[in-house]
Participant: 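After the structure tokens below, expect a handful of questions from me.
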There are 2 protein chains.
Amino acid sequence: MQILNDSAPYSMAAVAPGKVNSSVVFRLGVLGTMAADLFAARIEPHELKPRHVGLMVLLDAGKASSQLEVAGVMGVAPSLVVALADHLEKLGAIQRVRDPDDRRRQVLTLTAHGRDVLAACGELAHTVDAEFAAGLTAAERTALAGLLDRLTAPHGLPAAAETI
Amino acid sequence: MQILNDSAPYSMAAVAPGKVNSSVVFRLGVLGTMAADLFAARIEPHELKPRHVGLMVLLDAGKASSQLEVAGVMGVAPSLVVALADHLEKLGAIQRVRDPDDRRRQVLTLTAHGRDVLAACGELAHTVDAEFAAGLTAAERTALAGLLDRLTAPHGLPAAAETI
DNA sequence: GCAGAATCATGCAGATCTTGAATGATTCTG
DNA sequence: CAGAATCATTCAAGATCTGCATGATTCTGC
């Protein structure tokens, strides 16, 4: 049980008046672009960008089916989802079917090939993890994943625990 | 002392064959853009983007002085640093001075006003933290900041601990 | 010292990603 | 059944970033 004191390494509120650098958002932003770039480089041979994988993750987790739902959960413009879905469809990773109950809606579903591609991306992601989080022990990595889940949860994205 | 078993929440290697979603890089990428967007919205009234703040953080931490050094640490093209520095100079946040020992180099330094702006951004960042990481206890937030530092360290960016 | 190579900052064209405003098709509402 | 609302789509435009060309300065071998 540790009491906050001058030597506590990250007792930000107590020691720092509020440096940008000690904030979670700023560091998360910096690391996020690093991580995204690394991941992007790995999935590039599959002709995919992180956004495409994000869309497939959503479908796989059943968090969205129509394009508008996808746009809502991903926080992007519907017109962007059109482009992403176009590309995934061209790759044969998803299927676009008009909802028979509402023929305005395009229902997106992963194809068998799409699930394979997604699995391959999973492998790649964990490969990158091994490098990117090389400095962390397995326990620390687990703790980090849990904390990131806690941050993601309120924003509607599927938590890792739900998709394992 | 917990042994890995089927109900362990994040024992990724054991339970999941490697879902994209359970990887640190993917979640970090998603959360990173979220965090960056939130932060960007807050600093926008100051006519700043996250990149500008990143540059100022570097100068404040003494991690870079010439524009090429900044580009190297930030991982962006030198021509982008020109644009960022142009804007910060226009705002009066930084000073551009030719290095007398090497008149090709532009040495960037924070002005007094620049330090004020950076401090204001720090306040804002921690305000966003309070919302973004609302679901985390103080101890968890501290743990997260520590883990993020561990990830950032090998990439050359100033750790929070160094700039507190 | 000096000619040529290397380095730094800068300007600019172009690539990429994203949004917002029309448009058309379909469904809902009174 | 007519008009409003909803969904997908297209297209033009904005924002961000990179790579290359240029000019200024410094370094290197001679």
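All chains are named by letter (A, B, ...) in the order of the sequence lines, taking the proteins before the strands, and each is independently numbered beginning at 1. What you are looking at is a predicted structure, and each value in this text was computed from that prediction instead of being measured.
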Participant: Across the strands shown, which category fits A:Val76 at heavy-atom distances under 4.0 angstrom: base, sugar-phosphate, nothing?
Facilitator: sugar-phosphate

Participant: Among B:Gln67, B:Lys63, B:Glu69, whose side-chain hydrogen bond (donor to acceptor under 3.5 Å, both in side chains) with B:Ser65 holds?
Facilitator: B:Glu69

Participant: Once you round it to whole Å, what is the distance between C1' of D:dA24 and CG of B:Asp99?
Facilitator: 15 Å

Participant: Hey, what do you get for CG (B:Asp129) to CG (B:Leu124), rounding to the nearest 0.5 Å?
Facilitator: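 Result: 11.0 Å between the selected atoms.
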
Participant: Roughly how many Å is it from CD in A:Glu47 to P in C:dT16, rounded to a whole number?
Facilitator: 14 Å

Participant: Using a 3.5 Å distance criterion without hydrogens, assess whether the side chain of B:Thr111 forms a donor-acceptor pair with backbone atoms of B:Ala93.
Facilitator: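 Checked: pair present.
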
Participant: Counting just side-chain N and O atoms, does B:Arg51 come under 4.0 Å of either OP1 or OP2 of D:dC17?
Facilitator: yes

Participant: Salt bridge check: are B:Asp60 and B:Arg115 linked by an N-O gap of less than 4.0 Å?
Facilitator: no

Participant: Figure out the CG/P separation between B:Leu48 and D:dT16, and round it to whole Å.
Facilitator: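 Rounded to the whole Å, the gap is 12 Å.
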
Participant: When the distance from NE2 of A:His52 to C1' of C:dC17 is rounded to whole Å, what number comes out?
Facilitator: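 To the nearest whole Å, that distance equals 11 Å.
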
Participant: For the residue pair A:Phe26 and B:Phe39, categorise the inter-ring angle as parallel (less than 30°), tilted (30 to 60°) or perpendicular (more than 60°).
Facilitator: perpendicular

Participant: If I take atom CG in residue B:Leu80 and atom C1' in nucleotide D:dT16, what distance separates them, rounded to the nearest angstrom?
Facilitator: 8 Å

Participant: Could you check how far CZ of B:Arg103 sits from C1' of C:dC8, rounded to whole Å?
Facilitator: 13 Å

Participant: Pairing check on C:dT19: which nucleotide meets the Watson-Crick or G-U wobble criteria with it, both distances under 3.5 Å?
Facilitator: D:dA12

Participant: Should A:Val70 and A:Val107 be regarded as members of a common hydrophobic cluster, given that ILVMFWY residues are connected when their side-chain heavy atoms come within less than 4.5 Å of each other, either directly or indirectly?
Facilitator: no

Participant: From CG of B:Leu55 over to P of C:dA9, roughly how many Å is that when rounded to an integer?
Facilitator: 12 Å

Participant: Return the value, rounded to whole Å, for the distance between atom CG of B:Asp86 and atom P of D:dT16.
Facilitator: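 It works out to 14 Å between those atoms.
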
Participant: In the 5'-to-3' direction, what one-character label does each nucleotide of nucleotides 1-7 of chain D receive under the scheme B = base within less than 4.0 Å of a protein heavy atom, S = sugar-phosphate only, - = no such atom?
Facilitator: ----BBS

Participant: Judged by each residue's nearest nucleotide on DNA chain C, which is more toward the 5′ side, A:Pro78 or B:Arg96?
Facilitator: B:Arg96

Participant: Taking a pair as Watson-Crick or G-U wobble with both distances under 3.5 Å, which nucleotide is matched to C:dC28?
Facilitator: D:dG3

Participant: Using a 4.5 Å cut-off on heavy atoms from C-beta on, say whether the side chain of A:Thr109 contacts that of A:Ile94.
Facilitator: no

